[in-house]
Amino acid sequence: MEGNYYMIHDYLIFIGVFAIFFFLTTSIYLFSQNQKLKQKNTKLSESNKIIEQRLNEVRLEHIGTKLNPHLFKNILNSVQSHAYQTYMSLDKLANVLDYILYESNNKFVSPKEELNFALSLIEINKIKINPLFDFRIKSRINKTDSVYEEKVFAPLISVDLIENAFKHTDFLAQDSFISIYLELENGMFTMKVSNKASLKNSLTKEKSGFGSQSLDQRLKMIYSTYYQLERSSKNGIFTAELKINLGEFYDKMRYSG
């Protein structure tokens with residue numbers, strides 16, 4: 001009986017050791033498989049990010065191919081409509097065309113470059129309006145701002161708001177006006193454009209044009225949560241205000257790059 005007891009005891013010990021060994025082996029195997037799955041998921045996630053980034057680049061390139069000819073047409077129409085003033089605007093026109101041809105192909109330009117382009121574009125558009133027209137432009141640009149000369153501004157972002165103001169203003173109304181405000185302070189870029197809207201162009205039409213759609217798409221794809229764009233229409237006055245936190249966006253570019 002005592003021999004049988006020791007045999008049973010040894011058998012139970014063997015079973016226990018085997019169970020522990022099996023448990024440990026299984027745990028190690030499962031842990032190893034789990035690590036492999038995590039590595040695969042990480043690689044898949046990185047691949048998805050690369051694919052998504054490339055898709056965004058392709059979309060932006062597609063938008064750019066439509067935007068540039070459209071802008072060229074508007075600029076040339078402005079100059080052609082007032083040929084007698086063409087000589088005075090040649091310098092501004094040269095700046096604008098150089099910017100479109102060379103700088104707009106870059107992913108980013110500096111706020112300094114984009115603001116100089118915007119001011120030249122405004123001067124060209126002013127050719128087609130009466131000198132007595134109520135046109136207001138004000139800029140508050142801090143040239144010592146840390147991002148003023150950094151490559152952080154998507155080129156041609158300012159085009160849509162400027163073009164729409166001149167395109168959809170009721171120049172015949174006595175109380176008609178165009179107001180443009182540009183600001184760069186503490187890394188925050190602000191552009192506010194207001195105008196007396198023509199009765200022929202409603203707010204819904206304003207939002208439906210290609211320019212507005214491309215602007216919304218570019219801002220979302222490039223600046224994500226670092227921008228705000230608000231449009232409103234009240235008492236025949238259309239207002240669009242764009243704010244881009246270039247400072248925070250620049251920090252994100254530096255640390256993620």
Side-chain angles (χ1 to χ4, degrees), residues 45 47-75 77 96-97 99-111 113-115 117-118 121-122 125 147 150-168 180-184 187-195 197 201-233 238-253 256-257:
S45 178
S47 298
N48 286 336
K49 286 181 180 178
I50 293 172
I51 292 171
E52 184 178 353
Q53 182 180 355
R54 183 55 190 148
L55 283 173
N56 284 340
E57 290 175 356
V58 170
R59 290 186 190 124
L60 286 172
E61 289 170 4
H62 177 63
I63 290 171
T65 58
K66 288 186 177 180
L67 180 62
N68 287 358
H70 173 75
L71 181 57
F72 267 121
K73 182 181 178 182
N74 286 346
I75 291 171
N77 284 343
V96 168
L97 295 182
Y99 188 83
I100 296 170
L101 288 170
Y102 303 112
E103 301 301 331
S104 67
N105 292 324
N106 297 326
K107 189 171 183 179
F108 292 106
V109 296
S110 68
E113 292 168 315
E114 178 73 12
L115 288 167
F117 160 75
L121 183 62
I122 291 168
N125 276 281
V147 298
E150 297 294 341
K151 302 294 183 181
V152 70
F153 211 118
L156 304 179
I157 284 292
S158 60
V159 167
D160 181 63
L161 302 187
I162 296 171
E163 290 279 287
N164 278 341
F166 284 94
K167 184 178 179 182
H168 299 299
I180 299 177
Y181 176 72
L182 300 167
E183 179 181 306
L184 179 65
M188 179 68 73
F189 169 76
T190 302
M191 183 175 187
K192 186 175 182 179
V193 181
S194 300
N195 64 286
N201 298 287
S202 64
L203 179 61
T204 54
K205 186 176 180 180
E206 187 83 34
K207 288 184 177 181
S208 65
F210 172 78
S212 295
Q213 291 179 358
S214 67
L215 175 65
D216 293 339
Q217 291 171 13
R218 292 186 74 211
L219 287 169
K220 186 175 181 179
M221 284 189 284
I222 298 170
Y223 292 111
S224 183
T225 59
Y226 297 95
Y227 82 97
Q228 290 180 338
L229 176 59
E230 296 180 356
R231 298 185 181 95
S232 63
S233 182
F238 180 76
T239 300
E241 184 172 12
L242 171 63
K243 291 186 176 183
I244 306 176
N245 195 331
L246 297 174
E248 288 190 6
F249 181 72
Y250 180 56
D251 289 340
K252 174 211 167 190
M253 287 176 62
S256 62

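Here the structure is a predicted model, which is why all the values come from computation and not from measurement. Just so you know, these numbers use all the heavy atoms, side chains as well, and skip hydrogens, waters and symmetry mates.
- Counting all heavy atoms, side chain and backbone alike, L161 lies closest to A240 at CD2-CB, 3.7 Å.
- When side chains are defined from C-beta on, I244 does not count as touching M191, because their heavy atoms never get closer than 4.5 Å.
- Here the closest non-hydrogen pair linking A154 and F108 is N-CD2, 3.8 Å.
- Residues V147 and F189 form no side-chain contact, since every pair of their non-hydrogen atoms from C-beta on lies 4.5 Å or further apart.
- Distance check: T190 OG1 to L184 CG gives 8.5 Å after rounding to the nearest 0.5 Å.
- In this structure, CD1 in I162 is found 11.5 Å from CD1 in I157, a value given to the nearest 0.5 Å.
- Contact of the N164 side chain with the V193 side chain is not registered, since no non-hydrogen atoms from C-beta on lie closer than 4.5 Å.
- Partners of K243 under the side-chain hydrogen bond (donor to acceptor under 3.5 Å, both in side chains) rule, at least two apart in sequence or in another chain, do not exist in this structure.
- Salt bridge annotation for D216-R231: present, with a cationic side-chain nitrogen under 4.0 angstrom from a carboxylate oxygen.
- Remark: E150 pairs with Y250 by the side-chain hydrogen bond (donor to acceptor under 3.5 Å, both in side chains) rule, at least two apart or across chains.
- With sequence neighbours left out, Y226 forms a side-chain hydrogen bond (donor to acceptor under 3.5 Å, both in side chains) with no residue at all.
- Annotation for N106 and P155: closest pair O-CG, 3.3 Å, computed over non-hydrogen atoms.
- In plain terms, the two heavy atoms of F153 and Y223 that are nearest each other are CA-OH, 3.3 Å.
- When all heavy atoms of I180 and F166 are compared, the pair lying nearest together is CD1-CE1, 4.4 Å.
- Checking E114 against Y99 by side-chain atom types alone, a donor-acceptor pair falls below 3.5 Å.
- More than 12 heavy atoms of other shown residues, nucleotides or ligands fall within 6.0 angstrom of atom NZ in K151.
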